[in-house]
Amino acid sequence: MIKAARNSRSADTERKPKMSATLKLTHKAIGVEVRRGTYDIVVDGERVGSLEMNDTIEIPIEAGHHTLQVRNGRNSSRTLTFDAAEGQVAAFRCTGKRFLPIFLVSFVVPRLALSLRPE
């Protein structure tokens, strides 16, 4: 049993550290935006920060495959998936400004309320 404990410790010390990438998110709209306010940033199902109107945030993330969503109360964006390579900056832009038909449907389908797009 002691031998097994030694092996697990040596395996932990031999693991390579995860390299990081950067997630850059901008909340900017041109013209009038009805859904203003602070957006919560959700990466891989966990809240990692918040973003104010006309602001940009950079968050360090591990390199690899991730999911991204922004939320404001019951309103949210669709969940996007992206890959971030070591040292890469994955840039996205989010806004609450939507075309009128999508804006109206978003009252019934809240995940259409916010727009999230790669830059």
Side-chain angles (χ1 to χ4, degrees):
M1 186 158 209
I2 295 171
K3 188 175 184 180
R6 286 182 186 159
N7 286 342
S8 69
R9 272 190 243 150
S10 66
D12 288 342
T13 58
E14 290 177 7
R15 289 183 189 163
K16 293 182 180 179
K18 298 263 185 172
M19 299 310 286
S20 67
T22 303
L23 172 63
K24 179 181 176 183
L25 199 58
T26 303
H27 176 188
K28 186 154 179 107
I30 299 170
V32 178
E33 182 173 326
V34 175
R35 292 189 172 113
R36 295 174 176 257
T38 304
Y39 293 173
D40 290 326
I41 304 165
V42 180
V43 176
D44 298 331
E46 294 185 28
R47 184 183 177 279
V48 296
S50 61
L51 184 61
E52 297 287 334
M53 178 71 175
N54 296 321
D55 209 3
T56 298
I57 188 170
E58 291 187 1
I59 301 169
I61 56 174
E62 291 181 359
H65 189 73
H66 297 281
T67 61
L68 175 63
Q69 185 180 45
V70 291
R71 295 182 183 159
N72 180 309
R74 80 188 253 325
N75 297 321
S76 67
S77 67
R78 293 182 180 177
T79 302
L80 295 182
T81 59
F82 68 97
D83 291 313
E86 177 183 333
Q88 178 186 11
V89 176
F92 294 88
R93 179 180 176 162
C94 60
T95 183
K97 190 171 183 176
R98 304 293 281 178
F99 292 110
L100 184 60
I102 295 173
F103 176 76
L104 295 173
V105 171
S106 71
F107 287 100
V108 178
V109 184
R111 68 182 169 90
L112 297 177
L114 306 178
S115 171
L116 179 63
R117 300 188 188 278
E119 280 194 329

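When a residue number appears, it is its place in the shown sequence, counting from 1.
Counted within 6.0 Å of CZ on Arg117, heavy atoms from surrounding residues, nucleotides or ligands total 12 or fewer; the atom is thus considered open. More than 12 heavy atoms of other shown residues, nucleotides or ligands fall within 6.0 angstrom of atom CD in Glu119.
A heavy-atom distance below 4.5 Å is found between the side chains of Leu23 and Phe82. Taking 4.5 Å as the limit, every side-chain heavy atom of Thr79 sits out of range of all side-chain heavy atoms of Leu116. Considering only heavy atoms from C-beta on, Pro60 stays 4.5 Å or farther from Thr22 through its side chain.
A donor-acceptor contact closer than 3.5 angstrom is absent between the side chains of Asp55 and His27.
To the nearest 0.5 Å, the span separating CD on Glu46 from CG on Asp40 amounts to 13.5 Å. The distance from atom CG of Asp83 to atom NE2 of His66, rounded to the nearest 0.5 Å, is 8.0 Å. Taking OG of Ser20 as the reference point, atom CD1 of Ile59 lies at 13.0 Å (rounded to 0.5 Å).
Nearest heavy atoms, Thr38 versus Glu52: OG1-OE2, 2.7 Å. Heavy-atom minimum distance, Leu25 versus Cys94: CG-SG, 4.4 Å. Residues Gly96 and Tyr39 approach most closely at N-OH, 3.0 Å, considering heavy atoms. Minimum interatomic distance between Lys28 and Thr95 (heavy atoms only, all atoms of both residues): O-CB, 3.8 Å. Taking both residues in full, the closest heavy atoms of Ala85 and Ala63 are given as C-CB, 4.0 Å, listed atom of the first, atom of the second, then distance.
Hydrophobic clustering of Ile, Leu, Val, Met, Phe, Trp and Tyr side chains at less than 4.5 Å, counting indirect connections, keeps Leu51 apart from Val42.
At least one donor-acceptor pair closer than 3.5 Å links the side chain of Asp44 to the backbone N or O of Thr67. Counting only distance, with no hydrogens or angles, the side chain of Gln69 and the backbone of Ser77 share a donor-acceptor pair below 3.5 Å.
Residue Phe92 forms a side chain to side chain contact (heavy atoms under 4.5 Å, CB included) with just one option from Ile41, Val70, Leu80, Thr26, and that option is Leu80.
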